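What you see is a predicted model, and the numbers here were worked out from it, not measured in a lab. All values below come from the heavy atoms of this structure, side chains included, with hydrogens, waters and symmetry mates left out.
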Amino acid sequence: MSAMTPPLLFKCLADETRARIALLVAQEQELCVCELTCALNESQPKISRHLALLRSAGLLADRRQGQWIYYRLHPALPAWATAMLQAVREANLAWLHPDMARLSRMGDRPARAASCC
């Protein structure tokens, strides 16, 4: 993983889908592909393509649990980057509200996993 720099972070977030993914993961701590597919109302290939880019840039880390892959903010992400994501999320709750509402309707894990995976 390369060191996170402001240009790299802003490039990652320049795409609306990637910004929504990053902010939802920052909010929820960890989400799987199917949760993101439901929350963003997008196709699985599109979500997976954006997740791969965010992972390769060092913004997200993943872990496998059975057939599911869960994504979280990378633990080596600099504090300034994490703080910026939190500030952007808090300042844009209305923009994220439809995504968070769809995610909320899925319920909590494990019920959420049963509804999407």
Side-chain angles (χ1 to χ4, degrees):
M1 176 183 102
S2 60
M4 182 59 65
T5 62
L8 180 57
L9 179 61
F10 291 122
K11 183 178 178 180
C12 287
L13 301 178
D15 177 86
E16 181 177 346
T17 300
R18 290 193 301 269
R20 291 163 61 201
I21 289 170
L23 296 175
L24 284 172
V25 169
Q27 166 77 28
E28 295 292 318
Q29 309 298 313
E30 186 177 70
L31 292 168
C32 72
V33 175
C34 61
E35 291 169 322
L36 287 163
T37 299
C38 180
L40 277 67
N41 200 27
E42 298 284 358
S43 70
Q44 182 273 322
K46 180 177 182 177
I47 297 298
S48 291
R49 183 175 70 248
H50 286 293
L51 285 167
L53 192 147
L54 293 170
R55 191 182 69 241
S56 69
L59 185 65
L60 297 181
D62 63 350
R63 72 174 177 88
R64 181 174 289 276
Q65 182 176 326
Q67 69 186 43
W68 297 284
I69 300 176
Y70 292 91
Y71 291 86
R72 65 192 182 288
L73 293 181
H74 198 288
L77 198 62
W80 65 264
T82 304
M84 194 229 38
L85 286 169
Q86 294 299 340
V88 169
R89 184 189 58 76
E90 290 169 9
N92 291 280
L93 291 175
W95 180 64
L96 280 174
H97 179 74
D99 301 331
M100 293 188 312
R102 282 188 292 271
L103 189 60
S104 177
R105 283 193 296 272
M106 294 178 75
D108 291 326
R109 282 188 198 113
R112 188 185 288 175
S115 71
C116 71
C117 300

Hey, does S48 have a side-chain heavy atom less than 4.5 Å from the side chain of V33? yes
Side-chain touch I47/Q44, heavy atoms, less than 4.5 angstrom: no
Is the shortest heavy-atom distance from the side chain of R72 to the side chain of Q29 under 4.5 Å? no
Report yes if some heavy atom in the side chain of W95 is under 4.5 Å from a heavy atom in the side chain of L23; otherwise report no. yes
Nearest 0.5 angstrom please: C32 SG to Q65 CD, how far? 10.0 Å
M4 and P78 have their tightest heavy-atom pair at CB-CD, 3.7 Å
Of the non-hydrogen atoms in C12 and R18, which two are nearest, and what is the gap between them? O-NE, 2.9 Å
Close side-chain approach of L96 and Q27, heavy atoms under 4.5 Å: no
Can E30 and R63 be counted as an ion pair, charged N to O under 4.0 angstrom? yes
Are Y71 and L31 close enough that some pair of their side-chain heavy atoms sits under 4.5 Å apart? no
Side-chain contact, heavy-atom cut-off 4.5 Å: T5 with L8? yes
Show the nearest heavy-atom pair for residues F10 and M84, with the distance to one decimal. CE2-SD, 3.6 Å
Tightest non-hydrogen contact, residues L77 and G58, listed as CD1-O, 3.9 Å
What one should report as the nearest heavy-atom pair of L59 and A22 is CD2-CB, 3.9 Å
Main-chain N/O of M100 paired to S104 side chain as donor or acceptor, under 3.5 Å: no
If you measure from CG on D99 to CD on E42, what distance do you get to the nearest 0.5 Å? 9.0 Å
Assess the residue pair L60 and H74 against the criterion (side-chain contact (heavy atoms from CB on, under 4.5 Å)); give the C-alpha distance rounded to whole Å, side-chain angles, the decisive distance to 0.1 Å, and a yes or no. CA-CA 5 Å; L60 297 181; H74 198 288; 5.9 Å; no
